[in-house]
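Please read all numbers here as calculations on a predicted model, not as lab measurements.
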Amino acid sequence: MEIAHSLQQIQSSYIREILAAASDKNVISLAGGLPDEETFPIEIMKPILESLSDMPDVFQYGATAGYAPLLEFLTQKFELPENHLPMICTGSQQGLDLIARAYINPGDTVVMEAPSYLGAMQVFGLVQASISTVSQTEFGPNLEELEQCFIQESPKMFYAVPDFHNPTGVCWSLETRKKVAELCIQYNVAFIEDAPYRELRFTGEALPMVSTFCPQDSIVLRSFSKIASPGLRIGVVTGKKSYIEPLIKVKQGADLHSSVPMQALLLDLLKHEKFEQHMQTIQTLYKQRYDVLYNELKAQLSAQCEVNAVDGGMFIWVSLPDCDTFKLASTLIANGVAVVPSPVFYPKPEGSPAALRLNFTNAKPNELVEAVNRLTNVLNKSVN
């Protein structure tokens, strides 16, 4: 049986493939966006899991939009406007898929930063969107390019990760956030704000979300994978009622509803008196690991390589002299360190700048030091 034309155009995830290669115990992986298993709040969750046995109702079919007590809690937590709704999804990745299926027709234009999140490119590719890109600066998207794109291409939506961008780690400035919101309102472009790393800030003060400045023209995706556990597969999409109701209709046909027991577990976890301490533990741990990786890179890499400093998230972006980054990544795997080469983060990878995405959250400090040693040895031999 022939597969759908839309799927024929989609490449398998390079990151998934490289993670399989990195499973070798002799390979230090800086490739995935994996939280450290030590951060999973298992001890807090144990009594909550046991208490679920006294809640038979959560093991029945549930409402598509989500477990009502959790929806009520999140509505208050996020201070949603009166005409906004939350909808629980099976990871925020499903939320993005539902948005694409509810709103994108083949050929509709979606704007993204370049580089951008690989999973989003796959989702938009599956619905046969036309992806346009704007370049990224240290403050966020190039605003002049963005406005020209809005004028010339009349896109349906602009997808972005403003807080600790995947893959570059860039955090948009306040001025950029306000201007992007202004442009989305002016040119009638829906802003899709993906915020999986927002709670992972370990330096500086949090900035308002972009959607704060365009609440009636945006949809927000939030994830609990990085602050609770990826295995829970719980995310939430929020936006005005007219934006969310079509997503609920698509989700009905996709999976009826996300796991109700896991939603009940998440609710009690978020309300737990020790959850704030849990978050502080994550932020402290990740800052320590970031400092190790960043300082080692700055000390060992040549001046030809540029290392982006970040204030949170999970990634460091290292710009390199022009080279074949796929070949470089393959050589690095053979030398015991896994990384992700830059072309996989571009819808049109041809001619993309040479760079590597490095993860610092899922390796111990001594492993990070050794990884940079291996990385530097290979770069010195492979890149002029």
Establish whether [X] and [Y] are linked, either directly or via other cluster members, by ILVMFWY side-chain heavy-atom contacts under 4.5 Å.
{"X": "Val170", "Y": "Leu297", "result": "no"}
{"X": "Ile192", "Y": "Leu80", "result": "yes"}
{"X": "Ile44", "Y": "Met55", "result": "yes"}
{"X": "Met121", "Y": "Phe158", "result": "no"}
{"X": "Leu146", "Y": "Val210", "result": "yes"}

So do [Y] and [X] actually touch side chain to side chain, heavy atoms under 4.5 Å?
{"X": "Phe224", "Y": "Val236", "value": "yes"}
{"X": "Phe213", "Y": "Leu174", "value": "yes"}
{"X": "Ser330", "Y": "Ile333", "value": "no"}
{"X": "Val337", "Y": "Val27", "value": "no"}
{"X": "Gln300", "Y": "Asn373", "value": "yes"}
{"X": "Arg177", "Y": "Asp163", "value": "yes"}
{"X": "Arg374", "Y": "Leu332", "value": "no"}
{"X": "Phe124", "Y": "Pro347", "value": "no"}

So, does [X] use its side chain to make a donor-acceptor pair with the main chain of [Y] at under 3.5 Å?
{"X": "Lys156", "Y": "Tyr103", "answer": "yes"}
{"X": "Thr325", "Y": "Pro341", "answer": "no"}
{"X": "Gln283", "Y": "Glu199", "answer": "yes"}
{"X": "Ser173", "Y": "Thr176", "answer": "yes"}
{"X": "Ser342", "Y": "Ala355", "answer": "yes"}
{"X": "Thr284", "Y": "Thr281", "answer": "no"}
{"X": "Thr64", "Y": "His257", "answer": "no"}
{"X": "Asn105", "Y": "Asp108", "answer": "no"}
{"X": "Ser211", "Y": "Cys214", "answer": "no"}
{"X": "Gln136", "Y": "Glu113", "answer": "no"}

Ignoring hydrogens, what is the shortest heavy-atom contact between [X] and [Y]? Give both atom names and the distance.
{"X": "Leu232", "Y": "Ala228", "result": "CD1-CB, 3.9 Å"}
{"X": "Pro86", "Y": "Leu71", "result": "O-CD2, 3.6 Å"}
{"X": "Ala206", "Y": "Arg201", "result": "CA-NE, 3.5 Å"}
{"X": "Val310", "Y": "Gly169", "result": "CG1-O, 3.6 Å"}
{"X": "Cys305", "Y": "Val318", "result": "CB-CG1, 4.4 Å"}
{"X": "Ser259", "Y": "Ile234", "result": "O-CD1, 4.3 Å"}

For the atom pair [atom1] ([X]) and [atom2] ([Y]), what is the distance rounded to the nearest 0.5 Å?
{"X": "Asn359", "Y": "Met314", "atom1": "CG", "atom2": "CE", "answer": "5.5 Å"}
{"X": "Leu70", "Y": "Ile88", "atom1": "CG", "atom2": "CD1", "answer": "4.0 Å"}
{"X": "Leu285", "Y": "Lys287", "atom1": "CG", "atom2": "NZ", "answer": "12.0 Å"}
{"X": "Leu356", "Y": "Leu375", "atom1": "CG", "atom2": "CG", "answer": "6.5 Å"}
{"X": "Glu182", "Y": "Asp217", "atom1": "CD", "atom2": "CG", "answer": "12.0 Å"}
{"X": "Ile282", "Y": "Thr361", "atom1": "CD1", "atom2": "OG1", "answer": "10.5 Å"}

Between [X] and [Y], do the side chains contain an N or O donor and an N or O acceptor separated by less than 3.5 Å?
{"X": "Asp194", "Y": "Tyr117", "answer": "no"}
{"X": "Thr90", "Y": "Ser258", "answer": "yes"}
{"X": "Thr168", "Y": "Asn308", "answer": "no"}

Check the orientation of Trp172 and Phe191. Use parallel for under 30°, tilted for 30 to 60°, and perpendicular for over 60°.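 Geometry flag for Phe191 against Trp172: tilted rings.
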
Decide yes or no on side chain to side chain contact (heavy atoms under 4.5 Å, CB included) for Ile244 and Thr238, but give the supporting numbers first. CA-CA 7 Å; Ile244 300 301; Thr238 61; 5.6 Å; no

Side chain to side chain contact (heavy atoms under 4.5 Å, CB included), that's the test. Do Ser225 and Gln93 meet it? Break it down for me. CA-CA 11 Å; Ser225 294; Gln93 183 71 20; over 6 Å; no

Do [X]'s NZ or CZ and the ring of [Y] fall within the cation-pi criteria of under 6.0 Å and 45°?
{"X": "Arg222", "Y": "Phe78", "value": "yes"}
{"X": "Lys348", "Y": "Tyr346", "value": "no"}
{"X": "Arg357", "Y": "Phe315", "value": "yes"}

With the threshold set at 4.0 Å, does a side-chain nitrogen-carboxylate oxygen contact exist between [X] and [Y]?
{"X": "Lys364", "Y": "Glu38", "result": "yes"}
{"X": "Glu245", "Y": "Lys241", "result": "yes"}
{"X": "Lys178", "Y": "Glu175", "result": "no"}
{"X": "Asp36", "Y": "Lys226", "result": "no"}

Partner of Leu30 by side-chain contact (heavy atoms from CB on, under 4.5 Å), out of Ile316, Val340, Leu368: Leu368

Tyr290 ring center within less than 6.0 Å of Phe202 ring center: yes

Can the ring centres of His272 and Phe275 be said to be less than 6.0 Å apart? no

Residue pair Leu270, Leu74: steps toward the side chain to side chain contact (heavy atoms under 4.5 Å, CB included) verdict: CA-CA 10 Å; Leu270 295 176; Leu74 294 177; 4.2 Å; yes

Within 6.0 angstrom of Phe40 CZ, more than 12 heavy atoms from elsewhere: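 Enclosed: over 12 neighbouring heavy atoms sit under 6.0 Å from CZ of Phe40.
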
Within a 6.0 Å radius of atom CG on Asp322, are there more than 12 heavy atoms belonging to other residues, nucleotides or ligands?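 No, the 6.0 Å shell around CG holds no more than 12 heavy atoms from other groups.
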
Hey, mind stepping through Val220 and Val237 against side chain to side chain contact (heavy atoms under 4.5 Å, CB included) and telling me if it holds? CA-CA 6 Å; Val220 179; Val237 184; over 6 Å; no

Does the pair Gln216 and Tyr243 meet the rule for a side-chain hydrogen bond (donor to acceptor under 3.5 Å, both in side chains), with working shown? CA-CA 9 Å; Gln216 306 307 319; Tyr243 275 179; over 6 Å; no

